[in-house]
Amino acid sequence: MFSRKAIYRIFRGLLPLQLFLVLLAPLILLTLLCAGPATAADVRAAFSFAQDQDGVIAALGLKIPQGSHAYANDPGDVGRPAQLALTLEGDDTPLPVYYPRGAIQRDVFDRNASINVYEGQEYFFVRL
């Protein structure tokens with residue numbers, strides 16, 4: 001993880017809209033992703049940041065409670081895809097997101113269908 005000084009240096013360089021998105025994105029994503037008996041309040045979300053020569057990378061980490069899942073970005077045969085959309089101030093084009101693959105499972109309602117799900121700890125990456 002990053003020290004408080006490193007996180008402060010990264011945040012200090014972000015635009016106000018970027019900070020707003022950083023704080024709002026977990027709530028939006030949780031609303032879209034939650035499936036099963038867990039609610040958005042049960043899922044823990046946290047952003048981490050890193051900086052390299054090409055800029056800042058944001059990592060949204062989600063901790064989904066045991067026994068619950070969210071459909072992956074490629075949900076498989078059924079389900080709705082998980083989607084995260086972040087934009088920068090002055091540009092409505094969403095930034096590319098790296099989505100993890102998800103684990104393959106059989107669908108509860110259609111045993112012939114396969115689904116891809118996120119369980120446990122998952123990370124989504126966006127270059128800012």
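All values derive from a computational prediction rather than experimental measurement.
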When you measure from the side chain of [X] to the backbone N and O of [Y], does any donor-acceptor pair fall under 3.5 Å?
X      : Y      : answer
Asn116 : Gly102 : no
Tyr98  : Tyr123 : no
Asp77  : Ile115 : no
Tyr118 : Ile64  : no

Can you name the nearest heavy-atom pair linking [X] to [Y], along with the distance?
X      : Y      : result
Pro94  : Ala85  : CB-CB, 4.5 Å
Arg127 : Gly55  : NH1-N, 3.9 Å
Ile104 : Ser114 : CG2-CB, 4.3 Å
Arg111 : Arg106 : O-CD, 3.1 Å
Ala113 : Val78  : CB-CG1, 4.3 Å
Ser68  : Glu119 : O-CG, 4.0 Å

Side-chain heavy-atom pair Gln83, Asn73 within 4.5 angstrom cut-off: yes
Answer yes or no: is there a side-chain heavy-atom contact under 4.5 Å between Pro96 and Val126?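 Answer no - side chains too far apart.
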Using 30° and 60° as the class boundaries, would you call the ring planes of His69 and Tyr71 parallel, tilted or perpendicular?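 The arrangement is perpendicular - the two ring planes meet at more than 60°.
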Hey, can you tell me if Tyr99 and Phe124 have their rings parallel, tilted or perpendicular (30° and 60° cut-offs)? perpendicular
For atom CG of Asp92, decide whether the heavy atoms of other residues, nucleotides or ligands shown that lie under 6.0 angstrom number more than 12. no
Give me the one residue out of Val56, Ile57, Asp52 that meets side-chain contact (heavy atoms from CB on, under 4.5 Å) with Asp54.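 Considering Val56, Ile57, Asp52, a side-chain contact (heavy atoms from CB on, under 4.5 Å) with Asp54 is found only for Asp52.
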